[in-house]
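Reading through the structure tokens given below for one structure.
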Amino acid sequence: MTPDRLSTAAFFLLVAVISILLARTARVVTKRGDSAAAVFYLFALISIVVNDLYWIAYDMLRPEVRMPFAANEFGEAAFYLLFGSAVTALFRDRDRGRTEGICAVIFAFASAGLWIAWSGEWVQDLMAAPVIAYFLYVTAVSLKQADALAPREWSALGAASLLLIMMQTAIFFVPAGLKKPLDLACYLLMFLVQAALMLRTGRAVRGAASPKTQLALSLAAFAWSVSTVYMSEGYWYVAGLLCEAFSMICTQISFEREVLR
Amino acid sequence: MIYAENIFICIAVPLLISLFFAGGARRFIASFLTGTAVCLLSAYISGFLQIVSGMSVADTAVFLSPVIEEIMKFLPLLFVLFIFTPEDSELFTSAIGIGAGFATFENCCYLLSSGAESLRYMLIRGLAVGVMHIISMLTLAFGLVIVRRARLLSLPGFAGAFSLSVIFHGLYNLLVSAPGASSVIGYILPLATAALLYLPYRSMRQAGILS
């Protein structure tokens with residue numbers, strides 16, 4: 001199966017997963033209409049479903065034309081902003097985790113610089129950068145507030161992020177023969193961190209960790225998968241989408257536990 | 001060619017006069033009037049950007065108009081929110097008024113340019129476009145109310161609500177841009193979303209969150 005076909009299949013799988021999550025969240029909202037987090041989360045899921053439908057409709061109606069700057073950029077932005085607002089409603093201490101949050105923002109903007117260098121899509125990437133930065137900030141702050149990571153895990157995550165950005169940047173400057181191995185090393189590093197975060201999340205969700213810890217870890221796995229998807233192509237992209245689906249399911253489970261607590 | 005400014009004057013003058021005598025309905029009428037004015041301004045801006053970008057009319061409708069129209073509808077609602085600090089129900093009234101005014105003016109111009117012979121198309125325009133503008137405004141109002149209620153960092157919430165209304169509008173315009181099944185889905189979309197939106201609205205009312 002070609003990567004294109006696989007990615008379409010993975011995309012449909014993601015839409016199916018999000019639709020189920022949407023139905024479950026709608027049920028949560030009927031039980032806890034007073035929870036701003038639940039309503040924001042519901043709206044975020046609606047945004048991403050509408051956004052995915054936009055992509056599907058566009059691919060069907062105009063398959064031969066590459067999508068210009070369009071409403072889908074706003075759909076993605078809506079998802080991250082509303083999702084971030086939902087998380088902010090649950091992790092309200094504004095003073096804790098600022099340093100980690102700022103590091104996440106730097107990572108987001110460095111990544112955005114790389115996206116622009118790869119794709120040349122200035123407008124889209126400049127619009128996406130602050131939105132992703134906000135989402136990563138919220139994720140890092142929630143991880144800190146929930147004490148979800150041990151100090152050495154924070155160090156490892158920071159080192160991996162820094163190394164990844166350095167290696168991705170180096171790809172533009174190294175001789176042609178080194179580009180491929182360096183690219184492969186980047187993928188391995190990205191998916192190694194992804195696997196570690198998913199393992200940690202899976203354990204937390206199945207174990208006795210508090211709902212807040214579960215949610216923070218799920219968010220971290222999801223945020224990393226978003227970054228992975230943006231930086232991948234071919235079969236790696238498909239793998240990133242599958243990781244995203246897994247992280248979203250974990251996020252949903254932990255979110256429900258926290259909101260319905 | 002139609003003379004949109006003349007149509008605007010024709011619609012706006014009676015509404016403007018009724019504002020002095022409307023009493024309780026004043027907020028709705030003022031919002032409705034704003035909606036019609038905003039529709040006219042959006043048409044100017046879309047036309048300008050179409051020429052500058054070199055896009056076709058169809059591409060402008062699919063890619064540019066949703067963004068421009070939602071920005072133009074968002075601005076008066078933000079003005080109402082920050083200047084008049086309305087109750088939730090008043091904010092919803094303003095949002096519905098702006099959406100209804102926008103849809104009505106757009107429909108009037110459409111009727112004059114394309115004719116009103118086909119009842120089927122008139123029903124589609126009323127039930128699809130009309131409802132779509134109201135739903136996108138309701139979505140916005142919902143977002144603003146929740147942001148205000150939750151006392152969250154406001155900017156992401158506002159921007160998120162705005163972006164949601166843009167993608168909804170964009171999807172509708174994209175679907176109806178091609179004939180066949182996609183346009184049928186597009187026409188159903190606003191009513192289906194209205195049903196979906198009713199769920200959190202009812203829950204929040206029952207929970208006493210909306211004033």
Side-chain angles (χ1 to χ4, degrees), chain A residues 22 25-40 42-44 46-58 60-62 65 67-90 92 94 127 130-131 134-135 137-138, chain B residues 53 55 59 62-67 70-71 139 142-143 145-175 177-183 185-186 189 193 196-197 199-210:
Chain A
L22 186 61
T25 309
R27 216 180 53 187
V28 173
V29 168
T30 55
K31 286 182 189 164
R32 287 292 313 272
D34 59 334
S35 165
V39 181
F40 270 129
L42 177 73
F43 273 52
I46 292 172
S47 308
I48 202 67
V49 164
V50 175
N51 186 54
D52 289 346
L53 291 175
Y54 191 93
W55 271 102
I56 292 169
Y58 190 89
M60 286 175 149
L61 297 174
R62 298 169 178 234
V65 189
M67 193 188 289
F69 178 76
N72 73 302
E73 308 292 342
F74 287 87
E76 269 187 39
F79 172 67
Y80 293 117
L81 290 169
L82 293 167
F83 196 3
S85 297
V87 176
T88 312
L90 295 172
R92 281 179 172 263
R94 290 190 180 179
M127 188 181 152
V131 172
Y134 166 69
F135 184 68
Y137 177 86
V138 167
Chain B
S53 65
M55 277 186 172
D59 280 355
V62 172
F63 300 119
L64 290 181
S65 295
V67 181
E70 291 307 320
I71 289 173
T139 310
F142 239 121
V145 165
I146 299 164
V147 169
R148 193 167 62 165
R149 288 267 147 186
R151 291 187 187 84
L152 292 169
L153 181 63
S154 300
L155 187 64
F158 286 162
F162 164 71
S163 303
L164 178 54
S165 68
V166 172
I167 184 67
F168 174 71
H169 191 160
L171 178 63
Y172 172 83
N173 280 16
L174 176 67
L175 287 171
S177 67
S182 75
S183 57
I185 296 170
L189 184 72
T193 314
L196 197 67
L197 210 57
L199 187 74
Y201 184 77
R202 196 190 56 182
S203 299
M204 289 173 79
R205 275 240 179 258
Q206 281 172 352
I209 293 170
L210 296 178

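First the proteins, then the strands, lettered A, B, ... as listed; each starts at 1.
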Going by heavy atoms in the side chains, are [X] and [Y] under 4.5 Å from each other?
X       : Y        : value
A:Phe79 : A:Val131 : no
A:Leu81 : B:Phe162 : no
A:Phe40 : A:Val87  : no

Select one option (side chain, backbone, both, neither) describing which atoms of B:Thr139 are under 4.5 Å from chain A's heavy atoms.
->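 Both backbone and side chain.
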Toward chain A, the part of B:Val166 with a non-hydrogen atom under 4.5 Å |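 For B:Val166, heavy atoms of backbone and side chain both lie under 4.5 Å from chain A.
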Partner set under ring pair (Phe, Tyr, Trp, His ring centres under 6.0 Å) for A:Tyr80, not counting sequence neighbours =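 So A:Tyr80 forms a ring pair (Phe, Tyr, Trp, His ring centres under 6.0 Å) with A:Phe135.
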Sort A:Leu53 into side chain, backbone, both or neither according to what part of it lies under 4.5 angstrom from a heavy atom of chain B.
->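 Both backbone and side chain of A:Leu53 come within 4.5 Å of chain B.
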